[in-house]
Colleague: 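I have a structure I would like to understand better, so I am pasting it below and will then ask my questions one at a time.
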Amino acid sequence: MQNFGDFLRKYSRIILLLILLGISFVLIYFNNNYQRVVLFGAANTVAGSVNEKITETEDYLHLREQNQLLAEENARLRARLLADQQKVFSGTRPAVDTIYKQTYSYIPGKVINNSVDKANNYITINIGTKHGVRKDMGIITPLGAVGVVKTVSENFAVCLSLLHRKMNLNARLKGKKEFGSLTWKSTRPDKLTLDFIPTYTEVKIGDTVETTSYSSIFPEGIPIGTVSGFKVDSDEGYLTLDIKPMQSLTTISYVYAVDYIPKKEQEALEAEARKGDVE
Amino acid sequence: MGSSVIKYAIWWIICLVVQLFFLNKLNIDYFINPQFYIFFLILLPVFTERHVILLLAFATGLAIDMFEASGGIHAAACVIATFFRGPILRAFAPREGYGKDDFLTIEKFGLGNFILYAGFFILIHHWALFFIEVFSFKNFFFTLLRTISSGFVTLLLITIAAMGFFAKSSGSK
C-alpha cells in the first residue's frame, strides 16, 4: 500500500496527463459520432448565442450585397409564379393542389459561424429543432449547395461544410446522366473534386455540376459548382474533375435548410429493401 | 498575489477573444492557422503548480473546442504541449536560473531565449493539434508544413504580444 502511494505521487503528473488526454479523445470520438450537442447542449447554447451576437454585428458590413442576392432570388422566383407566366398552350389549366404535391420545403436561416481553413470545416446556423431542422438536411444558398446538417440543438444546427473530409455527395454534370462522387481533397476552399465520371463523358471547363435525385438530402438540380479543370485517370477509366463551388464558401450568410417531406417514407422503404444484406 | 490572479484571468479572456472572434474569423489559409490563444499558457509564471497548469491548459483548450465545435482537439494539444513546458523552460533558463516566485519577463529571460521557449512550445502544440485534427499520418509532409507555417505566424504574434505585456507589467511594478 505504501508502495502504491509512492507510485501515485511519483507519477501523478503523467497520470493526470493521461486522464486529461483520455477525456479529450473521448470528446473527439463523440464529436465524430454526432453526440456533441447532446453532451454539451447547455454550453453550446452559450457559445452559439455569443457567436450569433458577433455575427449580427458583422452582418451590417455585408447588407448591401446580401440585399442584392435576395432581390435577385426574389426576381427569379417571381418569374416562376404561374400568374406571371404566359400561357403557351391553352389546354385546361392544371389544378396545382391535386396533381402536384409539395415534396421540398425550405427553412430560412443565417450562418453564425463558419470556417474554411481547417481540415474539417463546419457551418453553424441559427435555426434548430424549434424551426424544424433535422439531421441530414441539405443546406443551400440562393447560389448553390453548401453543406449538410450534422447535429441540431433547439436553436442551432452545426453542418458539415462542403469543405469537410467526410463530405461525400452524389453530383452530376448539368444535362448529363453520368454521376460521380464529390469530395474535398485539396487544401483550398475553391477546389472540390468530382471523381468517377466515365471517360466518355464530354466535359468543358465552365460546365455546371449539380445535385442528383439519388439522395434525399438535396432536391435534384441544385447547382454545386463549375468545372475548373479535369484529368483522365487512365488506370481506372474515370475522369477526375476540379470543381469551383458556385457559392464561395468563404462568404456564406443567408441559407436555407432543405426539408424533403417524404424522406421518412423513402428511407424506411430503402432500409426494408436492404434488410438481410448484412447477414 | 490576488491582483496577479485577476491579471491572468483577464489575459485568459483576451487570448480567447482574439482567437475566436478575430483570428478564426479571418480564415486566412489552410496553411496559415495561427493559434494565438496559447499565449496564455506560455505566459503563466514559471512556478505554477505542475498539476494546476495541466488543468488550466485543458480548460483553455476546451473553451476553444466549445466554440469551434471541434470535440477535444485543442484540449488535447494544449495538455500535451503544457506537459513539456517544464523541460523547455529548464532548457532555456537564464544563466542564474529562475528565482522563486518568478514571473516570466523578457528582461530576465532575454528575447532570444523567450523566442526559443515560445517556439518549442508552439511547435509541440501545433504539431499535436494538426495531426490530431486530420487524425492520420497519411499526408505527413503536408501537415508538417502546416505546423511550421502556422507556428511561425503564431510565434510572430505571440512575440509581439509578449513585448507589450512585459513592457506594461514591468513598468507598473
Side-chain angles (χ1 to χ4, degrees), chain A residues 12-33 35-37 39-40 42-48 50-51 53-55 57-58 113-124 150-151 156 158-160 163 165 185-189 191 249-251, chain B residues 16-17 20-34 49-59 61-84 86 128-136 138-139 142-143 145-146 149-150:
Chain A
S12 62
R13 195 152 173 272
I14 292 180
I15 293 168
L16 182 63
L17 172 79
L18 293 178
I19 291 171
L20 294 178
L21 279 182
I23 298 171
S24 306
F25 280 97
V26 167
L27 290 175
I28 295 169
Y29 175 80
F30 276 126
N31 191 43
N32 291 336
N33 276 277
Q35 300 297 321
R36 191 181 45 76
V37 165
L39 263 173
F40 288 108
N44 214 49
T45 310
V46 176
V50 173
N51 270 330
K53 282 279 170 300
I54 298 279
T55 314
T57 323
E58 282 180 357
N113 201 8
N114 178 28
S115 71
V116 297
D117 60 346
K118 308 285 183 295
N120 290 311
N121 296 290
Y122 294 90
I123 302 168
T124 311
K150 181 183 159 190
T151 35
F156 302 103
V158 178
C159 317
L160 294 192
L163 309 179
R165 302 289 179 210
K185 292 173 181 165
S186 75
T187 59
R188 288 168 38 189
K191 193 174 149 199
L249 290 152
T250 48
T251 59
Chain B
L16 290 185
V17 167
L20 289 166
F21 302 125
F22 182 64
L23 289 175
N24 285 356
K25 299 277 175 191
L26 285 181
N27 276 320
I28 307 166
D29 191 86
Y30 186 81
F31 288 106
I32 302 175
N33 236 303
E49 211 278 324
R50 57 207 191 110
H51 298 101
V52 171
I53 195 170
L54 276 181
L55 291 169
L56 281 174
F58 183 72
L62 202 61
I64 298 278
D65 284 324
M66 289 277 132
F67 278 85
E68 292 296 295
S70 47
I73 59 174
H74 287 276
C78 285
V79 170
I80 291 170
T82 306
F83 187 75
F84 294 104
L129 177 69
F130 293 140
F131 276 97
I132 294 171
E133 188 183 14
V134 296
F135 229 91
S136 81
K138 216 166 78 191
N139 294 316
F142 231 60
T143 310
L145 179 64
R146 196 171 174 221
S149 54
S150 300

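In what follows, chains carry the letters A, B, and so on, assigned in the order in which the sequence lines appear, proteins first and then strands, with residues in each chain numbered from 1.
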Colleague: Is A/Leu163 close to chain B through its backbone or its side chain, or both, or neither, when contacts mean heavy atoms under 4.5 Å?
Modeller: neither
Colleague: If you count heavy-atom pairs within less than 4.5 Å of chain B, which of A/Leu21, A/Leu20, A/Ile14 leads?
Modeller: A/Leu20
Colleague: Supply the atom-to-atom distance A/Asn121 CG to A/Leu249 CG, rounded to the nearest 0.5 angstrom.
Modeller: 8.5 Å
Colleague: Using salt bridge (charged side-chain N to carboxylate O under 4.0 Å, His left out) as the criterion, list what pairs up with A/Arg188, not counting sequence neighbours.
Modeller: A/Asp190
Colleague: Quick one: which of A/Thr124, A/Leu16, A/Thr187 has the most heavy-atom pairs under 4.5 Å with chain B, could you say?
Modeller: A/Thr187
Colleague: Hey, does the side chain of A/Asp117 reach the backbone of B/Asn33 with a donor-acceptor pair shorter than 3.5 angstrom?
Modeller: no
Colleague: Can you sort out the partners of B/Phe31 under ring-ring contact (aromatic ring centres under 6.0 Å, His included), two or more places apart, ordered by chain and number?
Modeller: B/Phe142
Colleague: Give, as side chain, backbone, both or neither, the part of A/Arg13 having an atom under 4.5 angstrom from any heavy atom of chain B.
Modeller: both
Colleague: Please give me the minimum heavy-atom distance between A/Asn120 and A/Arg165, naming the atom from each residue.
Modeller: OD1-N, 3.0 Å
Colleague: Which answer fits B/Phe58, side chain, backbone, both or neither, if we ask what part of it has an atom under 4.5 Å from a heavy atom of chain A?
Modeller: side chain
Colleague: Quick check for you: among B/Ile80, B/Thr82, B/Asn24, B/Leu20, which has the greatest number of heavy-atom pairs under 4.5 Å with chain A?
Modeller: B/Ile80
